[in-house]
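Here is how names work: the chains are called A, B, and so on, in the same order as the sequence lines, proteins then strands, and each is numbered from 1.
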Amino acid sequence: MKKIQQIAIYGKGGIGKSTTTSNISAALAEAGYRVIQIGCDPKSDSTNTLRGGNFLPTVLDSTRDGEKVRLEDISVLGFKGVLCIEAGGPVPGVGCAGRGINAAVSLLHDLNLFEDFKPDVVLYDVLGDVVCGGFAVPLRDGLTDRVYVVSSSDFMAIYAANNLFKAINKYAPSGGAQLGGIIANGLVATYARILIDDFAGRTGTNVVEYIPRSLVVSQSELHGKTVIEANPNAEHADLYRRLAKNIIEQPQTVIPKPLNVTELRDWAREWGDRILQEEEGIVREKASI
Amino acid sequence: MDFYKHKTAPIREKRLSTVSAYYGDTDTLLKEYKSGSVNQRIRTFSQDIYSDIQYALQLINTIKDIAIVVHGPSGCSVSRLYFDLAFDDSVKWAVTNLNERDSIMGSDSKLREAIRQVFKAYSPKLIFVITTPVVAINNDDVESVVDELKEEYNIPIIPVFTDGFRSKTGVSGYDVVLHALIKNLLPEKGVDSLSKGNFINLISVSENFNDIKELVRLLNEIGLQVNILPRFSGLENFTKTKDALFSVSVNPDEAQYPGIAIAERYGFHYLQLPIPVGIKNTSFWFTEIAKVLNLEAEAEKIITEETYHLGKYLDNKKFEGKKVFINLPPAYAFGIIDFLEDIGFEISAIKMPYIDIQHLEQLEILASHKTKIPILIGEGQVFEEVNIINQLKPELYISSKADNIIAIKEGIPVIDIETLPVLGYKGVYNLIDKIEKKLYNPSFSHYLSTNNDEVYSVNWLQKKGNWYIKQEVK
């Protein structure tokens with residue numbers, strides 16, 4: 001049996017994980033790969049743009065007492081044959097979403113998903129920060145080979161990425177996944193790129209792609225489609241294609257060295273001053289004349 | 001004490017600096033308490049431990065016309081099952097039988113269904129929902145289900161938040177139930193609370209029925225009526241609490257939490273007294289209550305008569321130098337020690353499930369003894385106990401929990417006061433009678449010890465009794 005590439009994508013909430021993951025899936029499918037995308041978020045909206053709004057019951061919704069679940073009940077084929085699955089979870093404020101991910105992933109294994117569908121690539125789109133053990137499931141116990149983190153140059157996004165690095169660092173020695181790299185997303189500020197590069201440098205990691213903020217992405221999303229499908233000729237479609245190709249064809253993995261609390265605080269402070277100086281730069285130059 | 005605004009009772013470690021792991025002399029413990037910071041110790045190995053849910057059920061089981069819903073996976077109802085098998089299977093109960101899916105998606109629908117079922121099947125006047133660690137970890141919403149059904153069925157439905165892991169002291173379970181009862185069943189102070197009845201609230205939490213009967217007998221003798229709660233009580237006992245003259249404790253360790261709350265709510269006195277065990281303590285307990293009502297003379301008459309007969313009964317009884325091992329909750333332990341020492345016994349060692357800041361006076365008395373008495377704090381932990389028994393070779397062992405089986409196997413005659421009434425004057429007769437029998441004929445325990453293999457290996461027994469008790473490193 002061929003080796004399936006199992007990849008998890010993490011990042012702070014609202015940072016563009018689902019958009020990025022879906023575009024990677026679409027790009028891979030377009031290039032002829034058999035792809036499964038599994039949304040690991042109780043909101044269950046990870047695969048929306050791949051399946052054009054088709055209804056998809058979540059894995060956990062279908063596990064009512066005593067009922068036998070079939071793979072076709074919880075999956076639907078989306079753009080270019082990407083198999084879309086949503087783990088699902090409790091309504092907000094109730095139950096335990098973390099344990100839900102655990103249970104959903106176990107169930108998918110029980111259903112022989114990977115043996116039956118025979119994918120080349122499986123992408124797990126995982127909710128936000130690694131707040132508890134349940135959300136770390138996709139990167140533990142050899143379930144995935146590589147993890148990518150989506151981050152902007154916003155400090156809270158970097159903070160979430162650093163937390164993820166801590167989790168990878170903890171689980172990697174016992175067979176957990178390693179880091180494939182950082183996907184820098186939604187970049188606007190002039191300093192954004194150097195800031196993320198600096199963070200990557202300090203944590204011994206690398207940036208696999210830089211994706212500037214773009215209206216094309218928003219517009220495609222509002223149309224319920226990926227950029228690859230809605231605007232296949234756009235510059236961003238090529239960016240996603242290049243990212244997908246990199247991830248699958250030239251994977252590099254490292255065990256990141258997360259910053260500790262003081263290091264992260266000092267680093268943030270240093271950047272805070274630097275950004276301010278850059279903004280005030282013009283005044284200072286005049287003063288030096 | 002504004003604890004009752006909160007969802008549940010504070011843990012004893014916080015409220016009373018309760019210690020549940022210690023082995024050593026009384027001096028060290030006393031010194032730590034006096035210095036204001038008692039060192040919490042932990043056991044790196046626990047053989048057996050009671051959790052708050054067992055204590056909670058122990059109390060709830062005796063309340064009348066109830067049904068219990070244990071809210072958790074079926075395994076969590078094992079402790080309820082124990083009470084059915086060991087004591088009384090007339091208590092109506094159900095378990096919500098949570099599974100993995102419920103722990104992910106929330107368990108409120110199953111709780112709703114279970115309450116509906118027990119209401120239909122048993123028509124209880126009161127339903128208790130006992131929560132378990134699974135529900136606590138998930139932060140499942142119990143209150144809104146309870147509120148909704150309370151309205152629908154028009155009976156009190158009381159959530160009892162036994163989380164299992166908040167406290168290391170099982171007795172916290174009593175507080176959790178008492179908190180819930182006060183929050184849910186005690187009426188607010190109304191205008192009619194000015195009309196006082198001729199009765200007092202007797203706060204009983206864990207006593208056996210005959211013990212309470214004896215105390216009520218004494219109080220009735222001076223013309224005083226008694227409202228017993230929460231043990232053995234029904235809804236009406238809670239309703240009339242507010243009309244009492246005052247409240248009085250049986251076991252101060254257990255009655256303090258509700259005692260103070262009732263006193264604060266209705267603005268009357270809570271009289272906390274040492275447990276009425278033994279002659280001295282019973283007379284003191286009785287006199288103090290009578291004093292409040294100016295019935296001292298009447299009480300005095302009864303005390304004189306009772307103690308006269310008891311004196312005659314105790315005459316010629318020789319217990320001088322007999323060594324006894326005490327394994328009882330603190331109030332009982334200190335009361336019985338006091339009494340047994342008065343009649344000549346020597347205390348070889350003490351085991352208590354917990355000890356706290358309320359026991360400094362009694363600790364002080366023990367510390368002043370010529371011979372240092374070792375004190376073991378904790379529940380279960382039979383290995384530690386066997387170790388002490390082997391060293392000190394007591395001739396008698398008094399306890400109130402099933403773990404006394406180990407003492408019998410070591411050849412020591414055992415008195416179990418869980419079912420033996422020892423309170424009041426009658427309790428003295430019962431206790432002495434039992435002691436005499438056990439000392440006269442210890443053949444049962446001797447037989448068991450000679451015909452049983454040693455429970456522990458030599459290797460184990462050579463370890464110190466405090467081998468697993470370590471100071472918590474912060």
Side-chain angles (χ1 to χ4, degrees), chain A residues 38-46 56-70 73-74 85-111 124 126-138 140-141 143, chain B residues 6-8 53 69-77 94-118 129-150 157 159-166 474:
Chain A
I38 304 172
C40 297
D41 184 334
K43 287 200 307 293
S44 49
D45 57 359
S46 166
L56 174 60
T58 71
V59 177
L60 289 171
D61 271 341
S62 60
T63 58
R64 306 262 172 223
D65 293 334
E67 278 176 34
K68 196 169 157 44
V69 185
R70 292 168 312 163
D73 299 331
I74 48 152
I85 295 173
E86 296 286 352
V91 294
V94 178
C96 179
R99 198 171 300 121
I101 293 179
N102 203 337
V105 170
S106 308
L107 184 75
L108 292 175
H109 277 270
D110 291 347
L111 291 175
Y124 296 86
V126 194
L127 164 73
D129 210 340
V130 201
V131 284
C132 72
F135 295 99
V137 164
R140 286 163 65 171
D141 310 326
L143 193 64
Chain B
H6 300 287
K7 180 176 162 183
T8 188
I53 193 165
V69 174
V70 178
H71 188 26
S74 55
C76 291
S77 64
V95 58
T96 47
N97 194 14
L98 302 185
N99 57 22
E100 188 183 31
R101 191 187 148 79
D102 302 317
S103 77
I104 296 164
M105 305 301 260
S107 55
D108 54 332
S109 57
K110 275 207 176 159
L111 176 61
R112 196 173 285 113
E113 182 58 24
I115 296 176
R116 282 191 195 288
Q117 297 266 4
V118 296
V129 176
I130 307 285
T131 68
T132 60
V134 171
V135 177
I137 294 168
N138 274 16
N139 279 304
D140 271 349
D141 180 20
V142 174
E143 278 124 320
S144 65
V145 176
V146 162
D147 286 345
E148 174 194 324
L149 294 178
K150 217 158 47 176
I157 302 175
V160 177
F161 296 103
T162 35
D163 295 349
F165 45 70
R166 277 200 315 140
K474 280 181 182 152

If only atom types and distance count, is the side chain of A:Arg99 paired as donor or acceptor with the main-chain N or O of B:Arg101 below 3.5 Å? no

Top contributor to chain B interface from A:Gly93, A:Gly88, A:Gly95 [non-hydrogen pairs under 4.5 Å]: A:Gly95

Taking all non-hydrogen atoms of both residues into account, name the closest pair between B:Ile104 and A:Ala103 and its distance. CD1-CB, 3.4 Å

Least distance between heavy atoms, A:Cys96 atom then B:Asn138 atom: CB-OD1, 3.6 Å

Heavy-atom pair of closest approach, residues A:Asp61 and B:Met105: OD1-CE, 3.7 Å

Side chain, backbone, both or neither of B:Asp140 within contact of chain A (heavy atoms, under 4.5 Å): side chain

